[in-house]
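Below: the structure, in structure tokens.
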Amino acid sequence: FKKICENLGDRSEAVSRMLDQIGERIVMSPDRPKNDWTTCRPGGMMSHSLTTFKNMRKISESLSIDLPIESMIIVSLFHNVGKIGSVFGTPLFVDQESDWHREKLGQMYTYSDDITKMSPPHRSLQILQHFGVTLTEEEWIAISISSGPGFEENKFYTGSEPELAVVLQMAVRAAHMTEWVGKTND
């Protein structure tokens, strides 16, 4: 993860500082609260981000879409960094204390009551801004709408998304296909 981030040109230093401060939280953060996802575990968010990066490279290559490698690294590795929680240390996910929720619903984590409500993509943008990681307009849009066109706040962009955003969304969806263990073959 850190080695890939060394390929960010002028932004490598800011990202390195960010990783020095929140890297352990990135490594330990789950990506999902329920165990019907393989990323519902410590390290799940980082695993999802690395899979998304791999998928972005494959998709852009197979479709002959020439995207800057720096942009693919930034948006794939950090589109979900908001799932660590607050930049100041309050986690987004906390251990589920209810045995019933864990056993009957597979809910291993719950959302912290101690954190300001914000979508993970928007929190990701806030974290990147806090650490001085500059983004291009296309990168900002890609991260902002990374959760897909099904969300009301993203519909404005439908049909005019930058290629980077489209490829990121495709890569995220492809990652989800391998991460969701609750799927059926029906």
- Any donor and acceptor pair, going by atom type alone, linking the side chain of Ser124 with main-chain N or O of Pro120 inside 3.5 Å? yes

- Query: Looking at the rings of Phe53 and His48, which for Trp means the six-membered one, are their centres under 6.0 Å apart?
  - Reply: no

- Message: Applying side-chain contact (heavy atoms from CB on, under 4.5 Å), can you list everything that pairs with Ile141, at least two apart in sequence or on another chain?
- Response: Ile145, Tyr157, Pro162

- Query: Is there side-chain contact between His79 and Pro121, with heavy atoms separated by less than 4.5 Å?
  - Reply: no

- Task: Indicate whether any N or O donor in one side chain lies under 3.5 Å from an N or O acceptor in the other, for Ser12 and Glu6.
- Result: no

- Is the ring centre of Trp37 less than 6.0 Å from the ring centre of His176? yes

- Item | Heavy atoms of other groups near Arg57 CZ, more than 12 under 6.0 Å | no

- Task: Scan Arg123, Arg25, Met28 and name whichever one has a side chain to side chain contact (heavy atoms under 4.5 Å, CB included) with Ile84.
- Result: Arg25

- Derivation and outcome, ring-ring contact (aromatic ring centres under 6.0 Å, His included), residues His130 and Phe88: CA-CA 10 Å; His130 175 83; Phe88 303 107; 5.6 Å; yes

- Message: Could you tell me if the side chain of Phe78 sits less than 4.5 Å from the side chain of Met18, heavy atoms only?
- Response: yes

- Counting only heavy atoms not in Glu161, do more than 12 fall under 6.0 Å of its CD? yes

- Query: Taking everything shown except Asp66 itself, do over 12 heavy atoms lie less than 6.0 Å from its CG?
  - Reply: no

- With the side chain counted from C-beta on, respond yes when Leu19 and Cys5 share a heavy-atom pair under 4.5 Å apart, and no when they do not. yes

